J.: 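Handing you a structure now.
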Amino acid sequence: MTPHNEANKGDYADTVLLPGDPLRAKWIAETFFDEPRQVNAVRNCLGFTGSWKGKPVSVQATGMGQPSTAIYVHELLDVYGAKKLIRVGTCGGLNAKVKVRDLVIGLAATTDSAVNSATFGRYHYAPFADFEMVRAATDIAAERKLPCHVGGMVSSDEFYALEGPKVYEILTAHGVLGVEMEAAAIYTLAARFGARAMVVCTMSDCLITGDQIDAKARQSSLSEMVELALDVAAGQA
Ligand code: HPA
């Protein structure tokens, strides 16, 4: 048990899916898991464990942003022994080649967050994904003909930046594909604890074109993304 998690040691599987939204965690457990059981409800930041294709798997909501995410992820790694983390989320699009509904896998995550800069002294650490997980995910996406981009993400501390979307222009100019708010902390903590992590997002709103996903497409692309994430989890040693 921790101040933020009432689960006992052993309640989480080695692999944990990480949506931001607690109700999405519940939906993932109820829709995809065999024999789901709730393991955490502190602050309604729900966590569940069950199985997928016979392999144990968990899902834990992170809340929004790196400070919240870092609490749940740190404890999953440090207290509960998680080994593989897969964030399943949405991102804003920063490159016109990424269409609404497309998957974006964060190979690396730039950030403006003190969650990273406070820790690294003179260095600007470059948080990065686990290569084998990314390779498995891109193989599955290709097999299923899911449009999928692999590249840089930015994990922003502000959804509503004072400067507006132009704050991201410098990152678009350096090939960054999408903006979300959690990946950098997940990658950094996974590295710190010798674990592996990957972030996959559905592009939900393009900051370049203004295109937005509609409710129906959001639901079906979410299902495809979660199945892909679960198959990456189940297919790996
Ligand atoms: N900014 C940050 N996070 C997001 C966005 C965005 O525009 N869209 C989806 N997640």
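Quick caveat: nothing in here was measured; it's all calculated off a predicted structure. Counting starts at 1 for both ligands and their atoms, following the listed order.
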J.: Can you check side-chain hydrogen bond (donor to acceptor under 3.5 Å, both in side chains) on Tyr12 and Gln60, steps first, answer last?
T.: CA-CA 9 Å; Tyr12 284 94; Gln60 171 61 51; 2.6 Å; yes
J.: What part of Ser204, side chain, backbone, both or neither, has a heavy atom within less than 4.0 angstrom of ligand 1?
T.: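 Contact part for Ser204 vs ligand 1: side chain (C-beta onward).
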J.: Which residue holds the protein heavy atom closest to atom 5 (C) of ligand 1, what is that atom called, and what is the gap in Å?
T.: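 Looking only at protein heavy atoms, the one closest to atom 5 (C) of ligand 1 is Gly92 N, 3.5 Å.
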J.: Within the 3.5 Å criterion, strictly below it, is a donor on Gln66 or Ser155 matched to an acceptor on the partner's side chain?
T.: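 Side-chain D/A pair, Gln66 to Ser155: absent.
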J.: First locate atom CE of Met153, then atom SG of Cys91, and finally report the distance between them rounded to the nearest 0.5 Å.
T.: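 Answer rounded to 0.5 Å: 5.0 Å.
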J.: Does the ring centre of Phe120 sit less than 6.0 Å away from the ring centre of Tyr125?
T.: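 That pair passes the under 6.0 Å test.
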J.: Taking only heavy atoms of Met181 into account, list the atoms of ligand 1 that are under 4.0 Å away from them.
T.: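 Those of ligand 1 that fall under 4.0 Å from Met181 are 2 (C), 3 (N).
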J.: Which atoms of ligand 1 are found less than 4.0 Å from any heavy atom of Leu207?
T.: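 Numbered from 1, ligand 1 contributes 7 (O).
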J.: Just need the protein heavy atom nearest to atom 10 (N) of ligand 1, so name the residue and atom and give the distance.
T.: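 Ranked first by proximity to atom 10 (N) of ligand 1 is Thr90 O, 3.5 Å.
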J.: Quick one: nearest non-hydrogen protein atom to atom 4 (C) of ligand 1, plus distance?
T.: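 Looking only at protein heavy atoms, the one closest to atom 4 (C) of ligand 1 is Val179 O, 3.5 Å.
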J.: Determine whether any heavy atom of Ser156 lies closer than 4.0 Å to an atom of ligand 1.
T.: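 In this structure, Ser156 fails to qualify as a contact of ligand 1 - no heavy atom is under 4.0 Å.
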J.: Which residue supplies the protein heavy atom nearest to atom 2 (C) of ligand 1, what is that atom called, and how far is it?
T.: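 So the nearest neighbour among protein heavy atoms is Phe159 CD1, 3.6 Å.
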J.: Considering only NZ, NE, NH1 and NH2 on the basic side and carboxylate oxygens on the acidic side, decide whether Asp102 and Lys97 come within less than 4.0 Å.
T.: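 Result for this pair is no, no salt bridge flagged.
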J.: For Asn116 and Thr111, test the side chains for any donor-to-acceptor distance below 3.5 angstrom and give the result as yes or no.
T.: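 No, no side-chain donor-acceptor contact under 3.5 Å.
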J.: So, regarding Asp205 and ligand 1 (criterion: nitrogen or oxygen to nitrogen or oxygen, under 3.5 Å), is there a contact or not?
T.: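 Between Asp205 and ligand 1 (N or O atoms, distance only) the closest approach is under 3.5 Å.
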J.: Indicate yes or no: does Asp231 engage Arg144 in a salt bridge with an N to O separation below 4.0 Å.
T.: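 Salt bridge flag = yes for Arg144 with Asp231.
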